[in-house]
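Presented below is the structure to which this report refers.
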Amino acid sequence: MATESKQTREEMPKAYNPAAVEGPTYRRWEESGAFTPPEPPPAGKLADGQTGKEPYTIVMPPPNLTGELHLGHALGDSIEDLLVRWRRMQGRPALWLPGVDHAAIAVHTLIERQLSEEGLSRRDIGREAFLERTWEFVRKNRARIAEQHKRLGDSADWSRELFTMDPGPALAVRTIFVRLFEKGLVYRGNRLINWCPGCQSALSDLEVDHVDEDSFLWHVKYPLIDMAGKDTGEFITIATTRPETIMADTAIAVHPGDGRYTHLRGAKARVPVINREIPIIEDEAIDPEFGSGALKVTPGHDQTDFEIGERHGLPIVNVMQPDGTLNEEAGPYAGVDRFEARKRIVADLKAQGLLEREEPYRHSIGVCDRCGSVVEPLMSEQWFVAMSKEYEKNGATRSISGDALKAVSEGWTGPSGKTTQIKMVPERHTKVYQNWLENIRDWCISRQLWWGHRIPVWYCEDEHMTVAVEDPTKCATCGSTEISQDEDTLDTWFSSALWPFSTLGWPEETQDLRYFYPTSVMETGYDIIFLWVTRMIMMGIFATDEAPFEWVYFHGTVRDDRGQRMSKSKGNGVDPEVLIDRYGSDALRFKLITAGGTGNDQRLEEPRIEAARNFANKLWNASRFVLSQLEPGETVPALDPSQQAMLPTEDRWILSRLERLTGEADRLMERFELGEAGREIEEFVWDELCDWYLEIAKVRQRSDDEVSPLPVLVHVLDACLRLLHPFMPYVTEEIWSGSGDLRGHLPDPGSELVMTAAYPAPADAWRDEAAEREIGLVLDIVRAVRNIRRERGIDAGTWIDAYVVADGAMAKHGPAIEQLARVRPLRIVANRAAAPSESVATAVLAGALVVLPLAGLFDFEAERAKLQKQRAEEQAQVERLETQLRNDKFTSGAPAQVVADVRERLEAARGRIDGLEARLAELQ
RNA sequence: GGGCGAUUAGCUCAGCUGGCAGAGCGCUUCCUUCACACGGAAGAGGUCACUGGUUCAAGUCCAGUAUCGCCCACCA
C-alpha cells in the first residue's frame, strides 16, 4: 500500500469549500492571460477563413446594470460560458461578445422611479441633469455588477468592451439609420401609434402587453337626423367600451349586408354631447353579430377605425393630450383625465336617456410593459422602419423582413459566398419567428425618452431635414447654421439589433469584424425572440449582407420553487448570489444546466442545487483519494491503446466505458443537448468511477504483486475533469492545477490550466466489449451477495463464506469480489457440485451462481419462494422473447443488432431458468 | 380567434435518431469500513393524461380529446 501522508492530502481539505476556491481560481485565470480574447490572424490570412480552427463566437445578452442580477441571467451566462470554454478546449478560438446597450431600459426606469419618489418628473429636471443621474448610477454600479458576474463564472472580461453605454456618437447606429433613410426604409410619418401616457413616449407594438379587464359594454343611442339636420326622433344604437372617445367619432359604420340598417343608407346621426353630424357608412370590417351591429368610428383613437376611416375618407379627430387628459375637442370634458371622463360621460348619457344599457364585459386592454399604464392609440409624428417595403441593392430587389425570412427558411448567401441557414434550438421557435415576420407591421423606432441614441436628424428654422452620421454644422438644404437635433431617441432595441457588428468595429472593415463575424451562436431567452433576435437578423443582413449568426440557442425561464414566474412586482425573485454563497457557483451552474430539457422552463429547486454541490464534493474526494496514492512529483506513465491487452480487465472496462462517455458527450454537445451531456458525465463519475472502479482499484493498491491501477486512475480522472470543466469550472480547475495538482502527475498535461487543456475527443481505440461484459458479471455477483445479505439481515460489515460457480475467468476477480461483497473465504468453483447445497442462499445469474452458506440463518421457505418468483418472471420473459423471435417480420425487419440482443437476452434468461430449476430441485 | 408547450414514481423533472421505463428529493432497512455522512449498501414505488392509428416493436411517430401554462391577434 502506498504511503498515506501526502502533501496533496494536507492541502486539500476533506470537504470542497467553494468560497475558498472560487476567488483565487478566478484570479489565476485572469493572471494567466487565459481570458485574453484570441487575436485575429493578419489580414492576408483571412480570405479563406477556414483554417481548420474556425472561430466560434457567442453572442450574449447584456449585463443587467440595475444590479438586480437574477437567475435568468445566471442560466444564460452559464450556458454561454460553457460553450466558450468547451470550444476553446477544442482548440477553436472562441470569443464571447458582450452587449450592454439595452440595459438602458432598466436604468432609465430606475432613475424615473427615483425621481418620482422625490416628487419630480423627468421633464422637471431637464435632459442634462437626467443623463447625469443615469451616468452616476452606471458608474457606481458597474463594478459591482462585474463582480457579480465573475462569481457566476461569467467571463465577459474575455472580450474587449468595444460597445459603449455612451449614447453619444455611436457610429454604427447612426450609420445604419442614415443608410436606411437613404433607401427610404426609415421615414417620419403622422400615424396612429401606441402612446404611453405614463412614460409619455411612443412604444412599438412589442412593448405593449395585453391584459384582461372587467369593464362594461355601453350601448349608446345616437339620434338620427334628417337632411335638414333635425332629429327624426329615431336612434341608432352602438356598443362601445370607450365612451370617452365619442367626441372623436366621425362616422357610424354597419355591415353592407346587414338588413336591419338598409333603410339608413346615406342617413346621418348626431354625436351625443357635442352634437357633431356624422354619416352612417357601410364597411366589410363590421361584425353584424357583435352588439347592435353598428360601430362608432373613431379614427383618431383606434387602429381598426383608422383603417375604416382611410377607406372612407373620414376626418380624424383627436380628443386626447399626451398626458392622458382630454383636450378642447372634448368640449365639456376638456382637461379631465380619460378615466374620469369616462365615468362622467356615462353618467351624462344616462341622464339624457341616451344610454340604452350597460353590459358587463371582459376584454383585453393594452398596457405599457414598463410602467403599466393603459396605452392609448394616438395620432403622432414618429419615425418608423419600413419592414416590408421593397428596395434595390446590388441589382436585387429585397425587403428587410423578406431577407430575414429567407435567412431562416432557405438560407442567406452573403458576399463571402457562404450560405448560412439560421437554425434555432429548440427548433419549434423557427415557426414562431417565421409567422411573426410574415405578419409584420412597420416598426415605430422613435421614443420621447432621454436615454439612448438620439435620432441623427437635424432641423433648421424652415423645417428642412438634415440626416447625417456626423453632427452637421449647417442645414443641408438652405445652409442655415441655426439647426437643432431631433429631441427623440431611438428604441433601445434598434441599437441592440446592431450590436454584434458595432461591437466588432463595423462599419470599419476591421480584422475583428472579418474574423469573428458572422458569429456562431446567439444565446438568449425565448422571451425576446421578437424584440431582439428578429431585429438582429433583419438589421444584420441590411448592414452587412451577411446573416449575423448560424445558431440561436434559446434557454428557458427560471421560475421560483412554486412554479411562479419571478418578477419584481411579486417579490419572488431570487438573488443567485445567495445561492452561490450557500452552494458555490459550480453547483448553481451545474443545476441550471442539467435540471431541465433543452430550452424548457425550469424551477429553482434548492435540493437540486444541493445535490449538485454534493456532486462537486464527491469529485473532490475521489480526486483527493487518487492524489493521496501518488508521491509528490511522481508522474504516471502514459497510456497507449496498443498496450490494451496487457491491462487488467477492470482497467480495460473503465477505459472502454470512458470512451463511450466521451463519444456521447461530444455527440450531445454538438447538438446543444448540454443538460443530457452533463447528466451522463455525472453518472459516469459517480457510479462507474467512484462506486466501482475506485473500489476495485483500492483492492489492487493494497496488494503489491499486481499491476498498479494508478496510471489508469489518473488518466480517467484527468479525462473526467476535462469533460466536466465547462460544467463546473472552479472545482475542476482547483483539482487539476490548483491545490490538487493532478496536472503535476500527468505525463503530458499540455497546459498550465485545465481551462486551456484539450477537451477529450471521441475515439474507439479503447472500446472493449468483452471487458465490459466480464466486469458486468463481477458487479452482478457483488450485487447479488449484497442483496442476499440484506434479505437475510446479515450486517454489511460481517464477513461471510461464499461460493461462486462460474467460468475460470472469474477467478482473477476473486480479491475484488471478496472485498466489495465482504465475503471470505470466497471459493470460485467450476461446477455446481463443488459448492454446498444444504442451508445455502443462492442467486442465479446468467453466467454465474452465487452460493452463500447460511447455517442457522437459512430459511427454507423464503429461499424457495424467492426462487419460484424469479422463475415465474424469467419464464414470462422467455415467452415474450420467443414470441418476438418467432415473428418473421421482426427477425427480418429489425436491425441485426436488435435481433442479436434479443437472442442474447433469451439465452441468458434460459440459463437462469436452468439454474433456478436445478436449485429448486435441490430444495425438494 | 390562432399558434406553441406540458401531462412519466409521493414531489420536481430527464428520457437524443422508435428496440428490457430513469434522476434528484422524499420513503423503508442497514452501515460512521482508513476519498467522501455534502457518504456507502440494499429496497419499495409507474396501465408513461385519454382514444384511435402507423409499425415486427410506441413514453418516443401521426390524428383526435381533456386539463394546465405560455405566446401572438385591430372584433367595437
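Proteins come first, then strands; the chains are lettered A, B, ... in the order of their sequence lines, and each starts at number 1. The shown structure was predicted, so the numbers you read here are calculated from the model rather than taken from an experiment.
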Item to check | Modelled atom types, side-chain donor and acceptor of A:Gln629 and A:Gln701, under 3.5 Å | outcome: yes
Item to check | Distance, rounded to the nearest Å, where A:Lys698 contributes NZ and B:C34 contributes P | outcome: 9 Å
Item to check | Spacing between A:Leu713 atom CG and B:A35 atom P, to the nearest angstrom | outcome: 12 Å
Checklist entry - Would A:Glu359 and A:Arg357 satisfy salt bridge (Lys or Arg N to Asp or Glu O under 4.0 Å), going step by step from the backbone distance to the final call? => result CA-CA 6 Å; A:Glu359 179 187 344; A:Arg357 62 194 171 96; 3.5 Å; yes
Checklist entry - Looking for any heavy atom pair under 4.0 Å, which part of the strands does A:Ala616 touch: base, sugar-phosphate only, or nothing? => result nothing
Next on the checklist: Can you confirm whether or not the ring centre of A:Phe216 sits under 6.0 Å from the ring centre of A:Tyr361?
Outcome noted: no
Checklist entry - Judged by modelled atom types alone, do A:Asp212 and A:Ser364 share a side-chain donor-acceptor pair under 3.5 Å? => result no
Checklist entry - Is B:A23 paired to anything, Watson-Crick or G-U wobble with both distances less than 3.5 Å, and if yes, which nucleotide? => result B:U12
Checklist outcome for this item: Heavy-atom nearest nucleotide on RNA chain B taken for A:Glu664 and for A:Trp692; more 5' hit belongs to A:Glu664
Item to check | Nearest-nucleotide pick for A:Asp691, side chain only, options being B:G43, B:G40, B:G39 | outcome: B:G40
Checklist entry - Would you say B:A35 has OP1 or OP2 under 4.0 Å from some side-chain N or O of A:Lys14? => result no
Checklist entry - Nearest-Å distance, CG (A:Leu604) to P (B:C25)? => result 16 Å
Next on the checklist: B:G39, OP1 or OP2 - any side-chain N/O from A:Lys618 closer than 4.0 Å?
Outcome noted: no
Checklist entry - Taking atom P in both B:C25 and B:A66, what distance in whole Å separates the two? => result 39 Å
Item to check | Interatomic distance where CD1 belongs to A:Ile529 and P belongs to B:G3 [whole Å] | outcome: 17 Å
Item to check | Per-nucleotide protein contact string for nucleotides 5-12 of chain B (B base, S sugar-phosphate only, - none; heavy atom under 4.0 Å) | outcome: S------B
Checklist outcome for this item: A correct 5'-to-3' footprint of nucleotides 70-76 of chain B, with B, S and - meaning base, sugar-phosphate only and no protein heavy atom under 4.0 Å, is SSS-BBB
Checklist entry - Rounded to whole angstroms, how far apart are CG on A:Leu630 and C1' on B:A35? => result 13 Å
Checklist entry - A:Tyr526 and A:Asp601: side-chain donor and acceptor closer than 3.5 Å? => result yes
Next on the checklist: With a cut-off of less than 4.0 Å, is there a side-chain N or O of A:Trp686 near OP1 or OP2 of B:G40?
Outcome noted: yes
Checklist entry - Rounded to the nearest Å, what distance is computed from the CG atom of residue A:Leu668 to the P atom of nucleotide B:G15? => result 11 Å
Item to check | Basic-acidic side-chain contact under 4.0 Å: A:Glu680, A:Arg667 | outcome: no
Next on the checklist: Between the side chains of A:Arg613 and A:Glu610, is the shortest nitrogen-to-carboxylate-oxygen separation below 4.0 Å, so that they form an ion pair?
Outcome noted: yes
Checklist entry - Any Lys/Arg nitrogen of A:Arg603 or A:Asp561 sitting under 4.0 Å from an Asp/Glu carboxylate oxygen of the other? => result no
Checklist entry - Are A:Tyr583 and A:Glu606 close enough that a side-chain donor and a side-chain acceptor fall under 3.5 Å? => result yes
Next on the checklist: Please give the distance between the C1' atoms of B:A6 and B:C50 as a whole number of Å.
Outcome noted: 15 Å
Next on the checklist: Checking A:Asn787 against A:Arg790: is there a side-chain donor and acceptor pair closer than 3.5 Å?
Outcome noted: no
Next on the checklist: Measure CG/A:Leu694 against C1'/B:G39 and give the value in whole Å, please.
Outcome noted: 13 Å
Item to check | Donor + acceptor pair across side chains of A:Glu358, A:Trp218 (<3.5 Å) | outcome: yes
Next on the checklist: Could you tell me the Watson-Crick or G-U partner of B:C48, where both distances fall under 3.5 Å? Say none if there is no partner.
Outcome noted: none
Next on the checklist: Once you apply a heavy-atom cut-off of 4.0 Å, does A:Glu670 come out as touching a base, just sugar-phosphate, or nothing?
Outcome noted: nothing
Checklist entry - Does NZ or CZ of A:Lys698 come closer than 6.0 Å to the centre of the six-membered ring of A:Phe625, within 45° of the ring's axis? => result yes
Next on the checklist: I'd like to know if A:Arg671 reaches the base of B:C16 with its side chain, counting only an N/O donor and acceptor under 3.5 Å.
Outcome noted: no
Next on the checklist: Does A:Ala15 reach a base, just sugar-phosphate, or nothing at all? Heavy atoms under 4.0 Å.
Outcome noted: base
Next on the checklist: Side chain of A:Arg790, heavy atoms from C-beta onward: which of B:C16, B:U29, B:C36 has the nearest atom to it?
Outcome noted: B:U29
Checklist entry - Counting only Watson-Crick or G-U wobble pairs whose two distances fall under 3.5 Å, which nucleotide matches B:C61? => result B:G53
Give me, pair by pair, the N or O atoms of the protein and of nucleotides 53-59 of chain B that are less than 3.5 Å apart, along with how far apart they are.
residue	atom	partner	partner atom	Å
B:C56	O2'	A:Asn887	ND2	3.0

Next on the checklist: Quick check on A:Arg562: does its CZ atom have over 12 non-hydrogen neighbours (other residues, nucleotides or ligands) under 6.0 Å away?
Outcome noted: no
Item to check | Residue matched to B:G69 through Watson-Crick or wobble contacts both under 3.5 angstrom | outcome: B:C4
Checklist entry - Rounded to whole angstrom units, what separation is found between the CZ atom of A:Arg822 and the P atom of B:C34? => result 10 Å
Next on the checklist: From the set B:G19, B:G3, B:C30, return the single nucleotide nearest to any side-chain atom of A:Lys431.
Outcome noted: B:G3
Checklist entry - Just checking, any donor-acceptor pair under 3.5 angstrom between side chains of A:Thr304 and A:Glu307? => result no
Next on the checklist: Let's test this: given Watson-Crick or G-U wobble pairing with both distances under 3.5 Å, identify the partner of B:A41.
Outcome noted: B:U29
